[in-house]
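Read through the structure below, which is laid out as structure tokens, and then see the notes.
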Amino acid sequence: MTEIFSYTACRQLSQMFLAIIFFHVSEYILAIAFHGKSNVTLSSLLISKNYLLAMIFSLLEYFIEISLFPGMKEYWWVSSLGLAMVIIGELIRKIAIITAGRSFTHLIKVHHEEHHKLITHGIYRFVRHPGYCGFFIWSVGTQIMLCNPISTIGFAFVVWRFFAERIPYEEYFLRHFFGSEYVEYARVTPSGVPFVK
């Protein structure tokens, strides 16, 4: 039980909770900044039942593993790699949000709005969906940071599958809104999520 209060556990868990708090609070603040407080709901915090279950599972894995196999949490270089991924993923996502401005929304737009523009500059020159790319890196990084092997694989698979289904759905509307301009952009720019065309 003392392992739960060790330096390693305190460091890894505090990094995890700070990463989660910063991610969600900054998402909410940026949504208000670009869309106005009256157009933003708590869903802009991006906290769903499935997300909460995944985070609870990852914490259960962490506590079980640190209690039974404390040495597996001591790979500082693995944990540091995860922390670097969290920071990089966060930066990619926030740069994407700031670059797109009002065109970035948490919900897929099914009707074209006047302020909705096709963004192909900045980080969007290199990746079509940098927000998704950033979240993928961030979410997997949180589990590597905790040295959670089961949750690392689980998060990678679940988040990848979510985006593998969401990207084609979203791009259906983007092709409808922007026509050949979007088709050409998608042809030459990767999605940003591995193995999703």
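Residue numbers count from 1 along this sequence. Values reported hereafter were calculated over all heavy atoms of this structure, with side chains retained and with hydrogens, waters and symmetry mates removed.
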Donor-acceptor contacts under 3.5 Å from residues 135-143 side chains, at least two apart:
{"unit_1": "S139", "atom_1": "OG", "unit_2": "F135", "atom_2": "O", "d": "3.1"}
{"unit_1": "S139", "atom_1": "OG", "unit_2": "F136", "atom_2": "O", "d": "3.1"}
{"unit_1": "T142", "atom_1": "OG1", "unit_2": "S139", "atom_2": "O", "d": "2.6"}
{"unit_1": "Q143", "atom_1": "OE1", "unit_2": "N148", "atom_2": "ND2", "d": "3.1"}

Quiz item: Is there a ring-ring contact (aromatic ring centres under 6.0 Å, His included) between H121 and F126 once you walk through the steps?
Solution: CA-CA 9 Å; H121 64 278; F126 310 105; over 10 Å; no
Self-check item: Test side-chain contact (heavy atoms from CB on, under 4.5 Å) applied to R93 and F23, step by step
Solution: CA-CA 10 Å; R93 184 165 172 90; F23 178 87; 3.6 Å; yes
Self-check item: Test item: M72 and P149 side chains (from C-beta on) under 4.5 Å apart, heavy atoms
Solution: yes
Self-check item: Distance-only donor-acceptor check, side chains Y28 and H106, under 3.5 Å
Solution: no
Quiz item: Applying the 4.5 Å side-chain criterion to the ILVMFWY set and letting contacts propagate, would I29 and L91 be lumped into a single cluster?
Solution: no
Quiz item: Quick check: does any side chain N or O of E61 sit under 3.5 Å from a backbone N or O of S151, one acting as donor and the other as acceptor?
Solution: yes
Self-check item: Rounded distance [0.5 Å steps], CG in L59 versus CZ in F17
Solution: 5.0 Å
Exercise. Starting at CG of L174, measure out to NE2 of H116 and round the result to the nearest 0.5 Å.
Key: 5.5 Å
Quiz item: Only one of R11, M145, M16 clears side chain to side chain contact (heavy atoms under 4.5 Å, CB included) with L83; which?
Solution: M145
Exercise. Return yes if a side-chain donor-acceptor contact under 3.5 Å exists between Y185 and R128, otherwise no.
Key: no
Quiz item: Can you hop from L53 to L146 via hydrophobic side chains spaced under 4.5 Å?
Solution: no
Self-check item: Heavy-atom closest pair, residues H35 and G101
Solution: NE2-O, 4.3 Å
Practice problem: Output yes when a side-chain donor or acceptor of W160 lies under 3.5 Å from a complementary backbone atom of P194, and no otherwise. | Solution: yes
Quiz item: After noting the C-alpha distance and the side-chain angles of R166 and I108, does the key distance pass the side-chain contact (heavy atoms from CB on, under 4.5 Å) rule?
Solution: CA-CA 9 Å; R166 183 179 175 104; I108 293 175; 3.5 Å; yes
Self-check item: Within one Ile-Leu-Val-Met-Phe-Trp-Tyr cluster: V127 and F178, side-chain cutoff 4.5 Å
Solution: no
Quiz item: What is the minimum heavy-atom distance between A9 and I66, and which atoms define it?
Solution: CB-CD1, 3.5 Å
Practice problem: Measure the acute angle between the ring planes of Y132 and H129, then classify it against the limits of 30° and 60° as parallel, tilted or perpendicular. | Solution: parallel
Quiz item: What's the shortest heavy-atom distance between S191 and V196, and which atoms?
Solution: OG-O, 2.5 Å
Self-check item: Heavy-atom side-chain proximity of R125 to T189 below 4.5 angstrom
Solution: no
Practice problem: Quick one: sort the Y172 and H176 rings into parallel, tilted or perpendicular, breaks at 30° and 60°. | Solution: parallel
Practice problem: Any chance you could measure M55, atom CE, to L60, atom CG, to the nearest 0.5 Å? | Solution: 13.0 Å
Quiz prompt | Nearest-0.5 Å distance that lies between atom OH in Y51 and atom CD1 in I20 | solution = 5.0 Å
Practice problem: Can you measure from CD1 (I92) to CD (E90) and round to the nearest 0.5 angstrom? | Solution: 10.5 Å
Self-check item: Atom pair CZ/SG of F69 and C147 - distance to nearest 0.5 Å
Solution: 14.5 Å
Quiz prompt | Heavy-atom closest pair, residues F63 and L13 | solution = CE2-CD1, 3.7 Å
Exercise. Could you please spell out the steps behind the side-chain contact (heavy atoms from CB on, under 4.5 Å) verdict for V110 and Y169?
Key: CA-CA 10 Å; V110 295; Y169 178 71; 3.9 Å; yes
Quiz item: Is any side-chain N of the basic residue among R102 and E113 closer than 4.0 Å to the acidic one's carboxylate O?
Solution: no
Exercise. Verify whether one side chain among K94 and S26 offers a donor that lies under 3.5 Å from an acceptor in the other.
Key: yes
Quiz prompt | Linked, directly or transitively: V159 and F195 (ILVMFWY side chains, under 4.5 Å) | solution = yes
Quiz item: At their closest point, which heavy atom of Y182 faces which heavy atom of E171, and how far apart are they?
Solution: OH-OE2, 2.7 Å
Self-check item: Over all atoms of both residues, closest heavy-atom pair of A96 and P130
Solution: CB-CG, 3.4 Å
Quiz item: Would a hydrophobic clustering, with Ile, Leu, Val, Met, Phe, Trp and Tyr connected at side-chain separations under 4.5 Å, put I21 with L30?
Solution: no
